[in-house]
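Below is one structure; the comments refer to it alone.
None of the values given here were measured: they were computed from a predicted structure. Numbering of residues begins at 1 and proceeds along the displayed sequence.
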Amino acid sequence: MPFNDSFMQELKYKTDIEDIISGYVSLRKRGNTSVGLCPFHNEKTPSFTVYNDTQSYYCFGCGAGGGAINFIMRIENLDFTDAVKFLADRAGLQMPQDGFDDSLAKRRRNILAINRETAKFYYNYMMSPEGKVGLDYFLNRGLRPNTIKRFGLGYAPDAWDELLKYLKNKGFSVSDMVAANVVKISKNNHYYDTFKNRVITPIIDVRGNVIAFGGRVLDDSKPKYINTADTLVYKKTNELFAMNLAKESKADNLILCEGYMDVIAMHEAGFTNAVAGCGTALTSEQVRLISRYTNEVILAYDADEAGQKAIDKAVRLFSQTDVKIRIPVLTGGKDPDEIIRNLGRDRFKGMLDGASNEIEFALLGLKSKYNTNSTQGKIDYLNDAVKILAGTSPIEQDIYLTRLSEELEVSKQSIKAQLDSYSKRYSRRKEKAEYKRIVDESVRNNNKQTYDENISLRQIKAEERIIGLLLKNPDYIKALDGFDSALLSSPFIKKVYDISVSRIKNGLELDLNDFSQVLTAQEIGRLSGIIARTPKEKDKDPTAEFKDCVKVIRDEFEKKSIKQTDLSDNESFLKLFGKSDNK
């Protein structure tokens, strides 16, 4: 059951969508709206718009939209109930005790509680005499007790059901333990601990909840690492290890590493702005999370081939944002943890301070492939170098052209001529690629529409206009007296229309947060787009507009009915007289 209307109304009055969203997105005023870079897809030109008059948001780039509840659901990866609770806590409201279905939210809370108790169990076991082998592992890695406690590190017993028995005694159900992925079920229907005889690293989200675990063996047995699978509270592609700590750092950037131990070692050494992905290659979701907290990232990836490939992918992902990246040349070890232990904190800090931007790093890597002491080596290097510079700004091009000219003793004019020639071809290819992207996106968006392909664009616009007008001008509902929603061609539009009319007639307000209880995220996004495309025109009378839209819908419905009748009559004619013709 949904929340009662009085509670939702009070939540609405105490929640300002711009205030909520500005905590995640940098907004700037544009007339009566506010705009910023969308947190749900990578973009450089702001297409994310917040509408204060309707307390809604809509992204013209990816189609995400809704009210404050939808925004919190998506940005914080919460279900509807938990998003409401999030906003209620923020507004100082008491959650109602009945009148809503809390089953999914309860399971989420149970999983979080299980994770919290599991983290305590592993930490306490490691600090006991029986778990000393785990503690020794971390101490031998150079970690101090304070760091071990700060990260909540632990050790899983070399037994199959110690955690299972512990959690049972705490009153948790086995089904919830399985849902949390701290317990598994065998083919023979026996339950056993997921982590056994491993050092444990809890993964904590930005709100301080223990959401998952990573486990590492102490010997050479396989698999070396085991990580929590995706659950109701954890999706590895969305999370960053230690972001809960790094976001509190006073540093003006973040250091992105590959592994948990790299991050912990860096925090131990004083680099409290270090984070890492959660058992997966860097994702666009993680990049967007990073962009919420910083404008610059240092990519401290491993020095091996896999690390270099990871850097290439990260550069591509960050190039779609405003986040600047710098890439250090790491020596003295295979990863930051080993480098710090081998060379010390200060030498490692020097490598970070000397980190290059992505252009410098790319040119440096390119130069290592050629013998620039030879004429052919210089030619090949410069031919590839201009490809890197083609996508940069004129100022950047001038700086790097000067540097290349001085390093290789080739005239700047010659290199620039080569760059200009390539840039023309590059620009044409880029335009074609962008055109293809727009066409493909248009096709995808059209496929998402719920209209029949035979419905005219005129009727689609009229139906969507009615919904937009109704949500913005509910007081004019009398203009729709006698209109039958069965005339609407889209099931989605009909559902929104019927809900709206029912709420208005029952004296209830229309708000996107109310629709969040009955529409999917995709439907809410589409409804937000309709609202965004329905500007309030001062010189137009809503009553007249309603009537115009109704006339269009009725006319189009009648046209379609006539066509169907003609077809039906023709088929009847053939059935009736066909046999006679064949006799």
Side-chain angles (χ1 to χ4, degrees), residues 141-144 146-147 150-151 201 206 240-278 281-283 286-319 321-368 388 392 396 399-400 403:
R141 296 292 296 261
L143 301 184
R144 293 171 297 174
N146 282 346
T147 301
R150 188 169 185 234
F151 280 90
T201 302
V206 293
L240 287 165
F241 175 66
M243 181 59 91
N244 60 308
L245 301 175
K247 70 185 179 72
E248 305 298 336
S249 173
K250 295 180 180 179
D252 55 4
N253 56 27
L254 289 175
I255 304 171
L256 185 58
C257 309
E258 288 192 82
Y260 303 152
M261 201 59 215
D262 288 331
V263 171
I264 296 169
M266 292 184 72
H267 278 251
E268 173 72 31
F271 302 102
T272 57
N273 54 330
V275 298
C278 293
L282 187 68
T283 65
Q286 291 165 340
V287 167
R288 288 195 288 272
L289 178 59
I290 287 170
S291 67
R292 284 166 50 187
Y293 293 99
T294 189
N295 294 318
E296 182 182 89
V297 169
I298 298 176
L299 300 178
Y301 283 177
D302 295 356
D304 57 13
E305 184 179 351
Q308 298 310 298
K309 288 181 178 178
I311 287 175
D312 291 340
K313 181 178 181 181
V315 169
R316 290 196 300 272
L317 289 173
F318 280 111
S319 69
T321 72
D322 282 340
V323 177
K324 296 178 182 178
I325 63 173
R326 293 198 295 127
I327 309 163
V329 177
L330 301 180
T331 58
K334 67 179 185 298
D335 54 40
D337 177 29
E338 190 174 282
I339 294 170
I340 291 172
R341 283 190 281 128
N342 290 344
L343 303 180
R345 178 191 186 280
D346 293 341
R347 288 279 297 278
F348 183 74
K349 184 177 185 300
M351 296 177 196
L352 297 182
D353 291 342
S356 307
N357 63 35
E358 65 266 35
I359 302 299
E360 292 170 333
F361 185 80
L363 290 174
L364 189 63
L366 185 63
K367 191 176 182 181
S368 66
I388 294 172
T392 61
E396 288 176 308
I399 291 172
Y400 289 116
R403 186 181 299 178

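- Partners of T272 under the side chain to side chain donor-acceptor pair (under 3.5 Å) rule, at least two apart in sequence or in another chain, are S249.
- Using a 4.5 Å heavy-atom cutoff, the side chains of T201 and F151 are not in contact.
- Take R326 and apply the salt bridge (charged side-chain N to carboxylate O under 4.0 Å, His left out) test, not counting sequence neighbours, and it matches E296.
- Under the side chain to side chain contact (heavy atoms under 4.5 Å, CB included) criterion, S291 pairs with R288, V323, not counting sequence neighbours.
- In this structure, N357 CG and I327 CD1 are separated by 8.0 Å, a value rounded to the nearest 0.5 Å.
- One distance of note links CD of Q286 with CG of L256; it measures 8.0 Å at 0.5 Å rounding.
- A salt bridge (Lys or Arg N to Asp or Glu O under 4.0 Å) check over residues 246-274, counting only residues at least two apart or in different chains, returns the pairs R144-E268.
- Distance check: S368 OG to L363 CG gives 11.0 Å after rounding to the nearest 0.5 Å.
- Among residues two or more places apart in sequence or in another chain, the ring-ring contact (aromatic ring centres under 6.0 Å, His included) test is passed with Y260 by F241.
- The salt bridge (Lys or Arg N to Asp or Glu O under 4.0 Å) analysis of residues 342-357, with sequence neighbours excluded, yields the pairs K349-D353.
- Shown here for M266 and L352, the closest heavy-atom pair between the two residues is CE-CD1, 4.4 Å.
- The CG atom of L366 sits 4.5 Å away from the CD1 atom of I388 when rounded to the nearest 0.5 Å.
- For I399, the side chain to side chain contact (heavy atoms under 4.5 Å, CB included) test picks out I395, R403, with sequence neighbours left out.
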Practice task
Begin with the C-alpha distance, continue with both residues' side-chain angles, and end with the deciding distance and a verdict on side-chain contact (heavy atoms from CB on, under 4.5 Å) for N253 and K324.
Solution key: CA-CA 10 Å; N253 56 27; K324 296 178 182 178; over 6 Å; no
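- Rounded to the nearest 0.5 Å, atoms CG (L245) and CG (N273) are 11.5 Å apart.
- Side-chain contact between C257 and L299: absent, with no pair of heavy atoms (C-beta onward) separated by less than 4.5 Å.
- A 4.5 Å side-chain heavy-atom check between L330 and F348 finds at least one atom pair inside the cut-off.
- For residues 304-316, there are no side chain to side chain donor-acceptor pair (under 3.5 Å) pairs, not counting sequence neighbours.
- Applying the ring-ring contact (aromatic ring centres under 6.0 Å, His included) criterion to Y400, with sequence neighbours excluded, gives no partner residue.
- Residues L343 and G332 approach most closely at CD1-CA, 3.8 Å, considering heavy atoms.
- Here the shortest heavy-atom pairing between A274 and A246 reads O-CB, 4.0 Å.
- Minimum heavy-atom separation, P328 to I298: CD-CG2, 3.8 Å.
- For Y301, there are no ring-ring contact (aromatic ring centres under 6.0 Å, His included) partners, not counting sequence neighbours.
- Closest approach of A276 to G259, counting heavy atoms only: CB-O, 3.8 Å.
- The list of side chain to side chain donor-acceptor pair (under 3.5 Å) pairs with a residue in residues 327-343, not counting sequence neighbours, reads R141-D337, K334-E338, D337-R341.
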